Amino acid sequence: MRILVTGAAGFIGSALLCRLLSDVGSGDVTGLDLGDAPPAASGRRLSWIRGGLDDRAVLEQLGATPFDLVFHLASVPGGRAEAEPALGRRVNLDASLDLFQLLAQSRNRPRVVYASSVAVYGTLSEAPVGARTEARPAITYGAHKRMVEIALADHTRRGDLSGIALRLPGIVARPRPVSGFGSAFMSELLHALASGERYVCPVSPAATAWWLSAQAVVDNLMLAGRIDCCGTLQLPALRLSIAEVVAGLARLYGAERSALVTFDPDKGIEAVFGRYPMLDVRAELALGFSHDGSVVELIKNALRT
């Protein structure tokens with residue numbers, strides 16, 4: 001088994017890389033990222049390519065190996081892609097299409113797991129959201145994610161690739177300092193209260209979001225790599241209010257932690273990241289995909305306590 005992980009030094013990529021390397025049955029792993037390999041990832045089974053998919057020389061290097069399984073996680077995050085649309089297109093769209101074309105030419109029909117995003121849905125209503133919800137992306141990042149989903153589905157239809165796209169929600173808890181994400185408050189809330197620090201939350205106690213730990217994401221990515229299923233799926237996640245998350249932190253770390261959080265809602269942030277409806281993921285749950293199970297388990301998994 002020859003495995004490629006793009007974005008392998010990122011928050012999710014590094015966790016996935018370590019899981020693959022700890023699984024002796026996974027085979028040889030190639031990691032690709034702009035930076036160095038994560039310190040926790042090492043061993044003779046790991047090969048590292050430093051560079052970006054928008055670099056023709058990097059693509060040529062990848063073309064020398066016929067991969068069996070590819071986890072495509074590399075992307076420019078939403079805020080930066082919106083501010084720098086040319087960069088967003090080059091990395092999130094063009095480089096992804098070039099990667100798929102390169103993999104299709106290997107003629108061994110590799111399995112491709114693509115990390116898409118809930119950004120494809122655009123503005124959310126109160127109706128439940130699932131993979132069959134009409135995609136109406138409101139930002140460039142979401143538009144590019146949807147375009148790549150379609151391209152992967154077309155390659156799968158043609159028989160070039162075996163593709164599955166997973167729509168990821170905001171993942172916790174990103175390491176500090178958390179910046180550049182509108183949903184950064186979700187990770188900061190966990191870090192602050194777990195450490196006994198005061199925190200001013202930019203959304204109200206009633207604000208709801210979809211919560212999923214990095215550990216659960218890696219579990220789902222691993223399942224996607226081996227399951228006999230193609231198409232676009234919505235990953236399950238817990239729909240929790242900020243008040244429920246604070247209560248969970250208090251159960252784990254002491255009731256006094258609840259008093260550490262105060263609220264100063266930002267209407268813009270809450271409108272985008274605090275009004276998430278229910279998820280309709282019955283089909284995904286039936287396939288074995290899962291969330292963290294409870295708010296307490298979410299916090300434990302997110303903070304690795």
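For clarity, every value in this text was computed on a predicted model and none was experimentally measured.
- Of the charged side-chain nitrogens involved, at least one lies within less than 4.0 Å of a carboxylate oxygen, so that D219 and R19 count as a salt-bridged pair.
- Taking the side chain to side chain donor-acceptor pair (under 3.5 Å) definition, one finds that E188 meets it with R176, sequence neighbours left out.
- Residues L298 and V172 are in side-chain contact: their nearest non-hydrogen atoms beyond the backbone lie under 4.5 Å apart.
- Counting heavy atoms from C-beta on, the side chains of P110 and D68 never come closer than 4.5 Å.
- The shortest distance between side-chain heavy atoms of P205 and F263 falls below 4.5 Å.
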Pair R50-D33, salt bridge (charged side-chain N to carboxylate O under 4.0 Å, His left out): steps then yes or no: CA-CA 5 Å; R50 184 169 182 171; D33 209 300; over 6 Å; no
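- You'll find the side chain of R251 reaches within 4.5 Å of the side chain of V296, heavy atoms only.
- One finds no salt bridge joining D280 and R132 here, because no Lys/Arg side-chain nitrogen approaches an Asp/Glu carboxylate oxygen to under 4.0 Å.
- When every heavy atom of V178 is checked against every heavy atom of A184, the shortest pair comes out as CG1-CB, 3.3 Å.
- Checking side-chain atoms of E82 against main-chain N and O of T140 turns up a donor-acceptor pair under 3.5 Å.
- Taking the side chain as every heavy atom from C-beta outward, R146 and R167 approach each other to under 4.5 Å.
- Taking OG1 of T133 as the reference point, atom CG of L279 lies at 9.0 Å (rounded to 0.5 Å).
- To the nearest 0.5 Å, atoms CZ (R109) and NE2 (H155) are separated by 12.5 Å.
- In this structure the side chain of F100 reaches within 4.5 angstrom of the side chain of H72, judged on heavy atoms.
- Among all heavy-atom pairs drawn from E126 and P277, the shortest one is O-CB, 3.7 Å.
- Contact of the V246 side chain with the S258 side chain is registered, since non-hydrogen atoms from C-beta on lie closer than 4.5 Å.
- Nearest heavy atom pair, residue V218 against residue I12, reads CG2-O, 4.4 Å.
- Interatomic distance, OG of S294 versus NZ of K300, reported as 8.0 Å (0.5 Å rounding).
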List the steps and the verdict of salt bridge (charged side-chain N to carboxylate O under 4.0 Å, His left out) for D98 and R56. CA-CA 9 Å; D98 289 343; R56 183 57 54 181; 3.7 Å; yes
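- The closest side-chain heavy-atom distance from F185 to F273 is below 4.5 Å.
- Ion pair E134/R136 flagged as a salt bridge, since at least one NZ, NE, NH1 or NH2 atom sits closer than 4.0 Å to an Asp/Glu carboxylate oxygen.
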